Visitor: 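Please see the structure below; I have some questions.
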Protein chains: 2
Amino acid sequence: MGEGNFERVKPLSPDMFAPGCPSNLTPFRIGDKWAGLVVQCLEEGPRRFSELRVPLRGVTSKVLTETLRALERDGMITRTAYDETPPRVEYELTSLGRTLFEPMEACRKWAAEHLPELVAAREAYPG
Amino acid sequence: MGEGNFERVKPLSPDMFAPGCPSNLTPFRIGDKWAGLVVQCLEEGPRRFSELRVPLRGVTSKVLTETLRALERDGMITRTAYDETPPRVEYELTSLGRTLFEPMEACRKWAAEHLPELVAAREAYPG
DNA sequence: CGGTATCCACATCGATACTG
DNA sequence: CAGTATCGATGTGGATACCG
């Protein structure tokens, strides 16, 4: 409650959307901090700009716009603007974008199974 | 010839090691440009510092050192220094590091199948 | 051989303010 | 609602030089 549409995006593991979580992995972390998360949010269906801002807590509209444009440019998502007031824009995975599901699942599975080991190693590391 | 040990690292797809190739994806592209490639190089066995510099063309020793330290800190690789002259250091995947194979394979498979579509979309994009 | 030590260019990200 | 426009902090990667 008070969290808006956050519950529409079912978390796949406890802190998957937490900043810095290594499960933000996916084929699209090519120096882009948010693209993988956006794709994850869109896996369940089309989302509006403001709906994406909710689970991606902390992202500014500027950065979210840049991320969405990059994904659109690479053919991963479509942008559909409806001529209404107030304006409504929906983002949706393309068929190409949906092919990302498999590798992302593999990465999420890895994170779910091995993240604790990574964290433990990091904490045990001198320094 | 003249390429040193490059052929020891069998390329999994034509330009997998090319700079900017989206197959450099893997769980370790968390803002790190080279870690995924390093893990890939180590999948076939232990490698020396200078052996890693060959396939990762363009990486400086400074950046390679940082990358290796980060992977070591996260428990993905071990560093073994042999007390010889000239010095010899070997890097090797840990058992945790080897678990990265599955998600990385999934990413490589994705790239091999869908990279052309991404590139085509990018070229067709206005601007 | 296997690194360190500096310095620097560039890009990404974020904060803030404003708009149709 | 869905952005755009600036500006600035931060940090990552690269160039170069040097060391045990």
Side-chain angles (χ1 to χ4, degrees), chain A residues 4-5 8 17-22 24 28-38 41-42 46-74 77-92 127, chain B residues 4-6 8 17-22 24 26 28-38 41-42 46-74 77-92 127:
Chain A
N5 289 300
R8 288 182 61 183
F17 287 95
C21 173
N24 311 347
F28 268 88
R29 308 282 305 110
I30 309 173
D32 188 314
K33 193 172 171 183
W34 300 103
L37 269 348
V38 167
C41 290
L42 294 178
R47 290 288 183 274
R48 303 177 61 165
F49 189 84
S50 48
E51 288 178 326
L52 290 170
R53 294 196 65 182
V54 177
L56 279 52
R57 280 168 290 202
V59 74
T60 61
S61 56
K62 176 205 166 198
V63 172
L64 180 54
T65 300
E66 291 167 352
T67 302
L68 291 167
R69 293 279 184 279
L71 288 170
E72 194 189 355
R73 188 191 51 151
D74 287 348
I77 65 174
T78 55
R79 177 186 184 277
T80 309
Y82 298 91
D83 198 2
E84 306 170 357
T85 44
R88 184 165 60 97
V89 176
E90 289 214 328
Y91 294 92
E92 188 171 12
Chain B
N5 290 300
F6 181 71
R8 288 182 63 183
F17 287 95
C21 173
N24 309 348
T26 83
F28 269 88
R29 306 286 305 113
I30 311 173
D32 187 314
K33 191 171 172 184
W34 301 101
L37 267 349
V38 168
C41 290
L42 293 178
R47 291 288 183 272
R48 304 178 61 167
F49 189 85
S50 48
E51 288 178 326
L52 291 169
R53 294 197 63 182
V54 177
L56 279 53
R57 279 169 289 204
V59 73
T60 61
S61 56
K62 175 206 168 201
V63 172
L64 180 54
T65 300
E66 289 167 353
T67 302
L68 291 166
R69 292 282 184 278
L71 288 169
E72 193 188 357
R73 188 192 50 153
D74 286 347
I77 65 175
T78 55
R79 177 185 184 278
T80 309
Y82 298 91
D83 198 4
E84 306 171 357
T85 44
R88 184 165 61 98
V89 177
E90 289 214 328
Y91 295 92
E92 187 170 12

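Note that this is a predicted model, so its numbers are computed, not measured. By convention in this document, chain letters (A, B, ...) are assigned in the order of the sequence lines, proteins followed by strands, and residues within each chain are numbered from 1.
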Visitor: In whole Å, what is the span from the CG atom of B/L68 to the P atom of D/dG13?
Guide: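 One finds 13 Å between P of D/dG13 and CG of B/L68, rounded.
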Visitor: Can you check the B/R53 CZ to C/dC1 C1' distance for me, whole Å?
Guide: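 Result: 11 Å.
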Visitor: Take atom CZ of B/R47 and atom P of C/dC1, then tell me their distance rounded to the nearest Å.
Guide: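 Whole-Å distance recorded here is 16 Å.
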Visitor: Counting side-chain heavy atoms from C-beta on, which of D/dG3, D/dG14, C/dG2 comes nearest to B/R79?
Guide: C/dG2
Visitor: Who pairs with A/E72 by salt bridge (charged side-chain N to carboxylate O under 4.0 Å, His left out), at least two apart in sequence or on another chain?
Guide: none
Visitor: After noting the C-alpha distance and the side-chain angles of A/V38 and A/L64, does the key distance pass the side chain to side chain contact (heavy atoms under 4.5 Å, CB included) rule?
Guide: CA-CA 9 Å; A/V38 167; A/L64 180 54; 4.1 Å; yes
Visitor: Check each residue of residues 60-67 of chain B for a non-hydrogen atom within less than 4.0 Å of any atom in DNA chain C, then write out the ones that pass by number, or none.
Guide: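 Nucleic-acid contacts, sorted: B/S61, B/K62, B/T65.
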Visitor: Looking at A/P46 and A/E51, what are the two nearest heavy atoms and their distance?
Guide: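 Residues A/P46 and A/E51, closest heavy atoms: O-OE1, 4.3 Å.
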Visitor: Five pairs at each end of the helix from C/dC1-D/dG20 to C/dG20-D/dC1: take the axis at both ends and give me the angle between them to 10°.
Guide: 50°
Visitor: Between residues 82-92 of chain A and DNA chain C, which residues have a heavy-atom gap below 4.0 Å?
Guide: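 Heavy-atom cutoff 4.0 Å gives A/P87.
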Visitor: Look at the side-chain N and O atoms of A/R69 and state whether any lies under 4.0 Å from the OP1 or OP2 oxygen of D/dA2.
Guide: no
Visitor: Under the salt bridge (charged side-chain N to carboxylate O under 4.0 Å, His left out) test, which residues partner B/E90, sequence neighbours left out?
Guide: B/R88
Visitor: Any side-chain N or O of A/R48 below 4.0 angstrom from OP1/OP2 of D/dC1?
Guide: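 Answer no for this pair, as no side-chain N or O of A/R48 is under 4.0 Å from OP1 or OP2.
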Visitor: Within a strict 4.5 Å, meaning less than it, do heavy atoms of the B/L37 and B/L52 side chains meet?
Guide: no
Visitor: Can A/E92 and A/T80 be said to form a side chain to side chain contact (heavy atoms under 4.5 Å, CB included), step by step?
Guide: CA-CA 8 Å; A/E92 188 171 12; A/T80 309; 5.7 Å; no
Visitor: Which distance, rounded to the nearest 0.5 Å, do you find between the CG of B/L68 and the CD of B/E66?
Guide: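 B/L68 CG to B/E66 CD: 10.5 Å, rounded to 0.5 Å.
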Visitor: List for me each residue that meets side chain to side chain donor-acceptor pair (under 3.5 Å) alongside B/R79, sequence neighbours excluded, and say none if there are none.
Guide: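 B/R79 satisfies side chain to side chain donor-acceptor pair (under 3.5 Å) with B/Y91 once adjacent residues are dropped.
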Visitor: Let me confirm one number: the NZ-OG1 distance from A/K62 to A/T67, rounded to the nearest 0.5 Å.
Guide: 10.5 Å
